[in-house]
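Comments concern the structure below.
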Amino acid sequence: MKPNRVEFTETAMDLMRKLSKRHGAGLMFHQSGGCCDGSAPMCYTAGEFRTGGSDVLLGELEVDEIPGKIQFWMSAEQFEYWKHTHLTIDAVPGRGSGFSLEAPEGMRFLTRSRMYTDDEWLQLKDEPVPTGLEVNA
Amino acid sequence: MTVYAQPGQAGALAEYRSRYDHWINGEYVAPSSGEYFENVSPVNGKVFCEVARGNAADIDKALDAAHAAAPAFGKTSPAERALMLNKIADRMEANLEEIAVAETWENGKPVRECLVADIPLAIDHFRYFAGVIRAQEGSMGELNHDTVSYQFHEPLGVVGQIIPWNFPILMAAWKIAPALAAGNAIVLKPAEQTPVSILYVMEMIADILPPGVLNIVNGFGVETGKPLASSRRIAKIAFTGETTTGRLIMQYAADNIIPVTLELGGKSPNVFYRDIADHDDAFYDKCLEGFTMFALNSGEVCTCPSRALIDAPIYDQFLGDALKRTQAVKQGNPLDTDTMIGAQCSNDQMEKILSYIDIGKQEGAKLLTGGERTDLGGDLTDGYYVEPTVFEGQNSMRLFQEEIFGPVLAVTKFDGHDNAMEIANDTLYGLGAGVWTRNINTAYRAGRTIQAGRVWTNNYHDYPAHAAFGGYKSSGIGRENHLMMLKHYQQTKNLLVNYNESKLGFF
């Protein structure tokens, strides 16, 4: 089985379940870059953020009690600099910003990163990541 | 040195209310939900007031007020509006020290920066736009002997503005001043990390503006910013923040066919050429300060010079001297005028910075100084302090590619001018850059080659009005700080007039 590129901590999944219930919807993430609240994973109801050819899908994850799969996206050009790192989405106390859904909960999603092991990298380095154009076609 | 008393303590220059409502139609209006959220001072990590938690109904109420005020305000003369802007500047200037303390308490930045940069710059910004609106002219073209084309500037009407937390008053001034100068009414959404320092100023200037011209609605992005940005009742949206939200705002604007201006951050290169070390003089000393500018405002600046590129022949010497300068940065109580670096603005910001320090180590970057959270002890023990941190590594590392928005500098070596330019431009962003050299030809070529909207040459982090500021590449759209920003807040009306009595002969 291929290693995944992104996963969620239990704390993050608890928060996601709460948000999914509150909004009565599935969820998606888009990893932001740059500026005040940047480099943070932004959480939206599924489909709120329109992805396209300039985005890549890093993973689709199932979380108990949340409808559908949770897609995790990033801009393709940003991925070029991120592709050697594995992402773990955590949640910490704080105040999210942008239009990310968790802000009012007093919690903030946070991307923690680690380098892939040599073994993981061997399996992943030539593995294509689909763009929004392909996924949404 | 001066140590200002904390708001809430005896002798404090600035006092916050315990609770803040929205500012709508010239007065405080309670949130329709009746709910409030807590506002924490990053100086000590404690709650100091509560703030209205806005929602779509509150945004609608503010838009009602703005739409009621906009027609009359849009018809005021440039002279009348300039007078209002000048009065705002004068009022702020008369209360500068008080505003500076209030801003430090909410944002955590060292008060010396508020005193000599943030607030004076905000004041000057109002004066600048008071000046340029008086001097702005439409244009006229004589198309032929009988036909004249007149271009008039008209306000857009009601505009939405979303403000970041790193300069809660200055960034508001950057957006408010040109919008008011151009004759628009505003609904402004501050960042939820710094919701009230702008209200502190608003109260001071309330009598200067007609009710409804400037409305401020606080709350969380998803509950307040989103209904504002996606509203069909705004004619323009201006946003400073990060890329994903910037794209989302453009998507909403696309739905409504309205213009956007975006300022979206950067990963600014600061390039030090070998000739700076030709002499050990005042200029070399200035270059060392230029290197250390990454610590200004605790690194929470979109143009933070967060990548230092140093010419190979001087690498060891300059980096050695620059590290000493970095280690001399005094971290402490932000309300102490001797403090050079204060607190990060929020807990999650601090967490994010620490997570980047972690990934930097994992990627194999070499930690040269700093790298830890600072505990200032006593009353400040729970504040959000991070040491000025310098890493050495390669430009392909995430540390060199992502905007950390903290006092973390990534340093690398370059070999010759072409290599410097290659590294400088190897980034998604293009907001700011710095070039340091004694050779004017090198300075000019580098400045023109770097793909960034602002290239500071032998200086850094200066933000005067009348110098266009904005991004290339993924750093945004539009230019603030300059009279050209007026046009981002104006509609063009063309009157095409024919002065000939004779018909064309078609019908």
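A, B, ... follow the sequence lines: proteins, then strands. Residue 1 opens every chain.
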Of the backbone (N, CA, C, O) and the side chain (C-beta and beyond), which part of [X] lies under 4.5 Å from a heavy atom of chain A, both, or neither?
X	answer
S474(B)	side chain
I249(B)	side chain
E223(B)	side chain
A229(B)	side chain
Q251(B)	both
T427(B)	backbone
S355(B)	side chain

Let me confirm one number: the [atom1]-[atom2] distance from [X] to [Y], rounded to the nearest 0.5 Å.
X	Y	atom1	atom2	answer
M42(A)	T245(B)	CE	OG1	4.0 Å
Q401(B)	E80(A)	CD	CD	10.5 Å
M250(B)	R50(A)	CE	CZ	11.5 Å
R247(B)	S32(A)	CZ	OG	9.5 Å
T85(A)	E363(B)	OG1	CD	7.0 Å

Worked check of salt bridge (Lys or Arg N to Asp or Glu O under 4.0 Å) between K226(B) and E48(A) = CA-CA 11 Å; K226(B) 182 182 164 187; E48(A) 173 74 12; 3.2 Å; yes
Would N395(B) and Y81(A) count as having a side-chain donor-acceptor pair, cut-off 3.5 Å?
->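 Checked: N395(B)/Y81(A) side chains show no N/O donor-acceptor pair below 3.5 Å.
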Go through the side-chain N and O atoms of E402(B) and W82(A) and say whether any donor and acceptor fall under 3.5 Å apart.
->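 A donor-acceptor contact under 3.5 Å links the two side chains.
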Identify which of [options] forms the greatest number of heavy-atom pairs closer than 4.5 Å to chain A.
options	value
G364(B), A191(B), G225(B)	G225(B)
D358(B), I359(B), L248(B), L431(B)	L248(B)
T224(B), D255(B), I162(B)	D255(B)

With sequence neighbours left out, what residues match F109(A) under ring-ring contact (aromatic ring centres under 6.0 Å, His included)?
->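 F29(A).
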Heavy-atom neighbours of E134(A) CD exceed 12 at 6.0 Å |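 Yes, because the 6.0 Å sphere around CD of E134(A) holds more than 12 heavy atoms from other groups.
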K366(B) atom NZ, neighbour heavy-atom count above 12 within 6.0 Å =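 It does not: K366(B) NZ has 12 such atoms or fewer within range.
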Does any non-hydrogen side-chain atom of [Y] lie less than 4.5 Å from one of [X]?
X	Y	answer
T244(B)	Y44(A)	yes
N347(B)	P93(A)	yes
E351(B)	R108(A)	no

Contacts of type side chain to side chain contact (heavy atoms under 4.5 Å, CB included), residue V196(B), not counting sequence neighbours =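 If we apply the side chain to side chain contact (heavy atoms under 4.5 Å, CB included) test to V196(B), skipping adjacent residues, the hits are Y16(B), Y20(B), N39(B), F48(B), C49(B), V51(B), E106(B), L199(B).
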In chain order, what residues pass the side chain to side chain contact (heavy atoms under 4.5 Å, CB included) check against S20(A), with sequence neighbours excluded?
->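 Residues passing side chain to side chain contact (heavy atoms under 4.5 Å, CB included) with S20(A): L27(A), I66(A), P67(A).
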If you look at every heavy atom in S396(B) and H84(A), which pair is closest and at what distance?
->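 Residues S396(B) and H84(A), closest heavy atoms: O-CE1, 4.4 Å.
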List the atom of E192(B), the atom of A103(A), and the distance in Å for their closest heavy-atom pair.
->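 What the structure gives for the nearest pair is OE2-CB, 4.2 Å.
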Close contacts, residues 110-133 of chain A versus chain B, judged by heavy atoms under 4.5 Å =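 Interface residues of residues 110-133 of chain A: L110(A), T111(A), R112(A), S113(A), R114(A), M115(A).
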